K.L.:
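Structure provided below as structure tokens; questions to follow.
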Amino acid sequence: MKHEIIVDVKRDHILNLLNSGKRIDGRAFDEYREVSVEVGINQRAEGSALVKLGRTQVMVGVKLSVGEPFPDMPDSGVLTTNAELIPLASPSFERGPPDEDTVELARVVDRAIRESRCIDLEKLCISEGELVWIVFIDLHPLDYDGNLFDACTLGAIAALKNAVFPKLEDGRVDYKTKTEEKLPIVDTPVEVTFAKIGGHILVDPCLEEEEVLDARLTVGYNEKGEIVAMQKGGSGTFTQEEILDIVRRGREKAEFLRKHLPGDADGKN
Amino acid sequence: MKHEIIVDVKRDHILNLLNSGKRIDGRAFDEYREVSVEVGINQRAEGSALVKLGRTQVMVGVKLSVGEPFPDMPDSGVLTTNAELIPLASPSFERGPPDEDTVELARVVDRAIRESRCIDLEKLCISEGELVWIVFIDLHPLDYDGNLFDACTLGAIAALKNAVFPKLEDGRVDYKTKTEEKLPIVDTPVEVTFAKIGGHILVDPCLEEEEVLDARLTVGYNEKGEIVAMQKGGSGTFTQEEILDIVRRGREKAEFLRKHLPGDADGKN
Amino acid sequence: MKHEIIVDVKRDHILNLLNSGKRIDGRAFDEYREVSVEVGINQRAEGSALVKLGRTQVMVGVKLSVGEPFPDMPDSGVLTTNAELIPLASPSFERGPPDEDTVELARVVDRAIRESRCIDLEKLCISEGELVWIVFIDLHPLDYDGNLFDACTLGAIAALKNAVFPKLEDGRVDYKTKTEEKLPIVDTPVEVTFAKIGGHILVDPCLEEEEVLDARLTVGYNEKGEIVAMQKGGSGTFTQEEILDIVRRGREKAEFLRKHLPGDADGKN
Amino acid sequence: MKAGEPEEFIIDGKRLDGRRVDELRPLKIEAGVLKRADGSAYLEWGGNRVLAACYGPREIHPRHEANPQRAVLRTYYSMAPFSVYERKRPGPDRRSMEISKVTRQALESVVFTHLYPMTAIDVYIEILQAQAGTRCAGITAASVALADAGIPMKDLVPACAAGKVGGHIVLDLFDIEDNYGEADLPVAIVPRTGEVSLLQMDGNLTQEEFEQAFKLAIKGCMQVYEKQKEALRRRYGGSQE
Amino acid sequence: MKAGEPEEFIIDGKRLDGRRVDELRPLKIEAGVLKRADGSAYLEWGGNRVLAACYGPREIHPRHEANPQRAVLRTYYSMAPFSVYERKRPGPDRRSMEISKVTRQALESVVFTHLYPMTAIDVYIEILQAQAGTRCAGITAASVALADAGIPMKDLVPACAAGKVGGHIVLDLFDIEDNYGEADLPVAIVPRTGEVSLLQMDGNLTQEEFEQAFKLAIKGCMQVYEKQKEALRRRYGGSQE
Amino acid sequence: MKAGEPEEFIIDGKRLDGRRVDELRPLKIEAGVLKRADGSAYLEWGGNRVLAACYGPREIHPRHEANPQRAVLRTYYSMAPFSVYERKRPGPDRRSMEISKVTRQALESVVFTHLYPMTAIDVYIEILQAQAGTRCAGITAASVALADAGIPMKDLVPACAAGKVGGHIVLDLFDIEDNYGEADLPVAIVPRTGEVSLLQMDGNLTQEEFEQAFKLAIKGCMQVYEKQKEALRRRYGGSQE
């Protein structure tokens with residue numbers, strides 16, 4: 001009960017500010033928090049990234065192993081996206097098997113990566129029907145201050161672009177010897193999340209906003225600006241107009257986020 | 001405590017009726033509720049049945065897959081019987097891994113099917129020691145109003161008789177193409193359950209009777225009327241005479257139930 | 001809270017006795033309880049032992065099966081040590097997956113066996129990279145009256161020395177036919193546990209002592225008296241001098257325990 | 001092209017199952033089909049067979065999940081082992097967990113939960129046979145089961161997907177279209193306000209395609225809504241909704 | 001014929017382990033073998049080695065399982081990993097869960113549970129070595145452990161199986177008979193009334209064979225009962241039961 | 001000799017990573033690196049990257065774990081899936097469970113738990129990148145996180161291992177030494193008293209070697225202690241400890 005009342009009070013405070021055109025952390029309604037992306041920060045992972053979105057910090061590791069392909073996709077590598085909401089990162093995260101929120105996070109990030117076909121999975125086939133590369137993306141929030149969807153998608157694509165293959169010998173991986181060959185990444189999808197609070201639409205909700213939002217909409221865009229994934233959240237609703245508006249406005253936010261990805265080795269960005 | 005007292009009151013009520021020769025739903029002591037068996041009601045299963053025993057409804061699906069035989073039975077198919085007591089079907093069923101009651105239900109139904117050798121498992125061998133058919137029987141109560149043993153065994157045998165093999169190509173199953181070949185079913189075991197309440201013996205207990213019974217005895221019979229499975233339940237006891245009597249009387253009840261199985265394609269039954 | 005107070009009272013009692021040079025069960029500070037080791041007490045296990053340390057009783061079974069070696073040790077057998085703290089053995093043991101204490105027990109016993117290289121694992125290779133013997137050591141306390149580390153390590157080594165290979169035919173084990181060939185055991189490590197209570201150092205704590213101890217130190221020794229494993233426990237601390245002293249004194253206790261191992265078939269020991 | 005992928009999805013203006021691009025699969029809903037549940041609904045939608053049951057408001061276990069200001073709505077989506085071609089192992093998987101969550105969020109806004117503080121309202125959705133679109137079928141059945149249980153609600157919640165197959169925007173994908181098509185967009189709405197309570201998408205859509213598909217899905221929802229109301233009328237009589 | 005199956009089960013009137021058809025395997029029971037448990041029993045029955053322990057009446061966890069009218073009897077049957085030829089993985093499997101349940105139902109009718117409301121009486125059965133018939137051995141040991149713990153009971157509960165092997169009705173199957181025989185019929189009784197508290201069967205029996213086996217099993221139970229009483233007399237003295 | 005095993009561990013008086021036998025790997029500690037945690041520390045120690053967070057004193061769940069006389073200290077050691085060469089499956093394994101336990105026992109003696117009865121103090125240790133010695137790194141980071149959270153403590157708890165490689169006693173093993181060496185001896189101490197709160201060993205050491213390694217590890221702990229104090233000074237200012 002205590003918790004409920006505190007949420008109500010917080011909500012009133014945030015809503016009063018919004019009604020006078022202000023967000024609780026001083027940002028404009030369509031403004032992201034400060035974004036930073038560092039890659040190559042983990043020597044054990046084949047690819048890695050540390051993303052900061054304000055005080056939200058997410059580490060993403062990409063590990064590559066080998067195994068059998070799925071029977072119905074014999075010439076295609078395998079992609080697996082996993083999230084862990086470790087209790088180190090927030091008092092609201094609990095130990096134990098993945099809960100609904102953890103699973104949703106992993107699946108929504110996976111959706112943008114999978115549906116944009118950003119990894120050329122056919123290039124991950126080693127021997128058709130027998131041996132393919134398996135790409136593990138591990139989403140690992142370290143400090144949770146809101147909007148994990150956008151931070152994790154950005155971190156995942158940064159870590160994928162950072163990844164190099166380890167050496168393969170006789171069908172086994174030598175993890176201690178890395179090659180210079182990069183993962184075949186052909187697109188850079190990003191996700192953009194908007195929150196609705198009392199009729200106001202805000203991009204990149206911070207934790208305090210997330211705790212009181214009515215509804216949330218995450219939209220994933222590929223490099224062409226096409227939509228590759230969507231996920232509505234929250235127990236409230238959006239009007240149809242709000243949705244159409246968010247989808248249109250999100251595209252430029254996606255461009256903004258994509259600019260924070262580190263450049264390729266060849267200078268392209 | 002509330003629950004206990006309600007059970008006591010219910011028990012008194014049911015017992016008073018029984019003492020004057022009546023059951024709570026008006027049936028005779030040796031009378032089954034209305035029985036109906038529909039087969040082929042599921043297009044994804046290789047065999048299926050929907051059994052109604054009064055208001056108890058059970059769906060049973062038979063799925064066929066292929067795999068390795070057990071090392072000590074290299075030329076024999078594999079039978080697996082599984083039950084799920086989904087919380088949709090009763091306020092007393094809980095989510096989570098199978099509990100004692102779920103496991104007992106699956107094992108007692110399995111016992112009649114296995115011990116009557118009603119499936120000719122040797123005909124399920126595809127390649128000795130390497131590849132055999134695996135028969136999954138899934139018992140899926142939808143509305144629980146008592147006596148799942150009898151309803152599930154009847155549904156299982158109806159679904160088995162309904163089942164046809166899917167197409168097999170290069171050791172893999174093409175589930176979308178069904179053949180006309182039926183599972184080799186050579187007997188039709190059924191189970192008959194009696195309840196004991198205050199010294200009265202009743203066939204086919206409904207839920208209200210189950211909740212107050214002292215003891216329960218389920219007996220499985222093959223087509224010859226031989227006994228192939230038994231399971232006593234409940235925390236009370238039976239006299240030896242009661243058991244001998246139930247086992248003798250159950251045989252004709254088994255005949256009664258078996259008549260509700262749909263006829264074979266060739267007109268037998 | 002009740003529990004806490006009882007522990008405080010017990011602790012005062014035990015400590016008062018210790019201050020006057022006495023242990024609660026009358027032993028000297030450096031005295032083990034009566035030790036007995038019986039082997040070959042289980043016909044289903046390849047090797048077995050029942051160890052009694054006072055009223056503590058532990059059964060250990062060694063089972064041998066075959067399987068693939070680890071990829072990085074293709075010519076080496078596999079050792080697996082497992083403990084179960086079954087609730088039959090103590091009111092403080094609970095059902096469910098292994099808890100911290102169970103895992104620690106298994107790992108500390110495993111450590112002495114593994115690090116002393118007492119099993120010549122290379123002799124367990126059947127076919128390099130393909131098939132090796134797997135040694136399962138199951139630690140199974142039956143009555144818990146303190147000091148499971150020492151009892152289980154002693155039981156494990158006794159059961160290992162007792163073990164004979166079952167017959168192997170075509171890569172499968174015939175468990176019903178035992179050979180006369182013994183497991184290749186080349187050392188007999190034992191573990192010795194000391195407890196610290198209010199500054200007093202005692203060997204082989206009984207349950208009442210364990211419940212009130214400040215700290216615990218278990219040291220494993222091989223036949224040469226070298227140290228092969230150590231584990232400090234308890235929420236208190238040891239001085240550096242106490243540790244050096246325990247490690248020196250433990251060696252002769254290890255000799256004492258080792259004497260209780262049954263002799264080899266060839267009369268050695 | 002994946003094994004089993006059709007060369008074309010629309011032939012002579014008809015889809016592979018004979019429908020027009022903006023046509024729903026046949027949909028039948030029946031309310032009040034179970035004895036034990038407080039409310040229930042059975043739905044056949046193309047090759048989908050879905051049962052939904054509602055229990056509640058009832059005592060909540062574990063107790064610490066109770067909310068002193070309102071009822072807690074809990075929704076569980078689950079697939080029978082024999083509901084799909086390859087037998088599904090019993091128990092929740094990651095997909096079911098996500099669908100359970102979005103189903104709850106699709107329904108929460110219409111239920112007057114504040115009337116029943118400290119209680120649980122539990123909704124169970126069981127997919128007995130699946131042919132794509134089971135989450136929309138489940139939400140549709142669930143809101144009828146809630147109504148059948150007498151839970152006060154602002155409105156029913158119909159759900160329907162649109163998508164893109166072979167370059168065409170179509171309504172209510174069936175399994176071949178779902179497996180080999182380019183995008184799937186499930187939507188649920190609160191008809192009286194037109195507001196959207198479920199929205200997911202996977203695949204690839206341009207802005208224009210998205211807008212077209214979104215509007216088509218909402219039209220589909222309105223057709224589903226009529227079937228929901230009919231089912232309740234058949235059960236409870238009366239010609240008004 | 002399965003690998004390892006004997007050609008005949010009875011040769012010159014003797015079974016493969018030398019017994020007559022109506023003869024029990026050697027049975028030894030010892031009460032009070034454990035320090036920590038409130039009551040315990042150890043049993044050797046042919047090649048079975050079984051330990052049973054009773055804790056209680058004691059506080060119940062989790063609390064909501066408590067019953068204000070009587071003690072809750074909980075029974076847990078479990079097999080040690082090294083109790084069978086192929087190592088058993090630790091933890092309950094489906095067979096153990098079923099045996100735990102029928103064991104509880106075999107014992108519940110004799111325990112005066114109403115004397116200890118709000119408490120638990122826990123009985124743990126550990127199979128240390130198995131040679132067929134372990135559920136009967138477990139029930140037999142468990143009721144001695146309950147008595148050793150001082151739990152008031154109407155009677156002890158002895159258990160014994162009969163079965164059919166090679167066409168013969170025999171008492172107390174050992175492993176070869178159990179693996180390759182035609183039927184197994186475990187029975188537990190309350191000797192003072194002769195009533196039956198456990199009855200299971202798998203295999204194939206005619207009506208007549210069933211009646212014969214059932215009566216033989218009950219005779220076996222009465223022999224087991226004598227061994228139970230002897231064990232308690234040895235532990236507690238006195239020549240009356 | 002195992003695959004990858006070096007022929008010598010010490011060449012020209014230097015170890016394979018260039019250190020002297022009694023030299024620590026480079027160690028950097030930073031306190032207060034997380035927003036959400038009540039206290040936190042980040043540590044780089046050779047190739048180890050470790051994050052520790054402290055929450056508490058706070059309400060304890062489940063409630064029955066509460067202690068009316070003191071706070072309950074709970075410690076959880078866990079490895080990120082990408083912290084090791086072969087991806088680690090998420091969730092606790094047996095090794096993590098043991099390390100969590102000894103970590104708690106290493107820290108319990110310094111925390112004034114009696115000041116916060118009925119509460120929990122939770123410490124989470126996350127290994128982001130591992131290069132041997134992670135339990136010592138975790139304990140070292142954890143006690144800084146506890147201090148950063150303002151939990152009253154008698155002292156910090158530095159930890160450091162010594163070991164034996166190629167016949168030499170060395171300080172602070174890195175991964176090659178840990179994998180192919182002869183012994184590893186992790187130690188944690190309470191510097192103000194010199195007492196030992198963690199001690200484990202695996203491998204093979206004579207009495208003399210043990211004593212030498214033990215003393216070397218304690219010297220290592222004292223160096224680690226200086227780094228811990230520096231980190232807290234940098235965070236909170238002041239030149240006194």
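Every chain is numbered from 1, with letters handed out A, B, ... down the list of sequences. Quick caveat: nothing in here was measured; it's all calculated off a predicted structure.
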K.L.:
Below 4.5 Å, heavy atoms only, C-beta onward: do F:Leu128 and A:Ile41 meet side chain to side chain?
P.N.:
no
K.L.:
Can you tell if the side chain of F:Arg36 reaches within under 4.5 Å of the side chain of A:Arg55, non-hydrogen atoms only?
P.N.:
no
K.L.:
Mind ranking A:Ala89, A:Pro98, A:Ser48 by heavy-atom pairs under 4.5 Å with chain F and telling me who comes out on top?
P.N.:
A:Ala89
K.L.:
In terms of heavy-atom proximity below 4.5 Å to chain A, should F:Ala130 be classed as side chain, backbone, both, or neither?
P.N.:
backbone
K.L.:
Using the side chain to side chain contact (heavy atoms under 4.5 Å, CB included) criterion, which residues pair with A:Ala156? Sequence neighbours excluded.
P.N.:
A:Val60, A:Val109, A:Ile113, A:Ile137, A:Leu139
K.L.:
Answer yes or no: does atom CD of A:Glu180 have more than 12 heavy-atom neighbours from other residues, nucleotides or ligands under 6.0 Å?
P.N.:
no
K.L.:
If I measure from the heavy atoms of chain F, does A:Ser90 come under 4.5 Å with its side chain, its backbone, both, or neither?
P.N.:
both
K.L.:
Under 4.5 Å, counting heavy-atom pairs only, tell me which of A:Glu84, A:Gln57, A:Arg95 racks up the most with chain F.
P.N.:
A:Arg95
K.L.:
For residues 111-124 of chain F, give me every residue with a non-hydrogen atom less than 4.5 Å from any non-hydrogen atom of chain A.
P.N.:
F:Tyr124
K.L.:
Are A:Asp145 and F:Lys35 within salt-bridge range, i.e. N to O under 4.0 Å?
P.N.:
yes
K.L.:
List the steps, then state whether side-chain hydrogen bond (donor to acceptor under 3.5 Å, both in side chains) holds for A:Glu94 with F:His61.
P.N.:
CA-CA 11 Å; A:Glu94 287 176 16; F:His61 295 284; over 6 Å; no
K.L.:
Taking the side chain from A:Gln43 and the backbone from F:Gln129, do they hold a donor-acceptor pair closer than 3.5 Å?
P.N.:
no
K.L.:
Residues two or more places apart in sequence or in another chain: which of them pass side chain to side chain contact (heavy atoms under 4.5 Å, CB included) with F:Ala106?
P.N.:
F:Ile139, F:Ala188, F:Ser197, F:Leu198
K.L.:
For A:Leu88, is it the side chain, the backbone, both, or neither that has a heavy atom closer than 4.5 Å to a heavy atom of chain F?
P.N.:
both
K.L.:
Would you please go through residues 72-91 of chain F and name the residues with a non-hydrogen atom below 4.5 Å from one of chain A, in numerical order?
P.N.:
F:Tyr76, F:Ala80, F:Pro81, F:Phe82, F:Ser83, F:Val84, F:Tyr85, F:Glu86, F:Arg87, F:Pro90, F:Gly91
K.L.:
What residue among F:Leu51, F:Val33, F:Leu34 forms side chain to side chain contact (heavy atoms under 4.5 Å, CB included) with A:Asp143?
P.N.:
F:Leu34
K.L.:
Surrounding CD of A:Glu31 (heavy atoms of other residues, nucleotides or ligands, distance under 6.0 Å), is the total greater than 12?
P.N.:
yes
K.L.:
Could you state the interatomic distance from CZ (A:Arg44) to CZ (F:Arg49), rounded to the nearest 0.5 Å?
P.N.:
9.0 Å
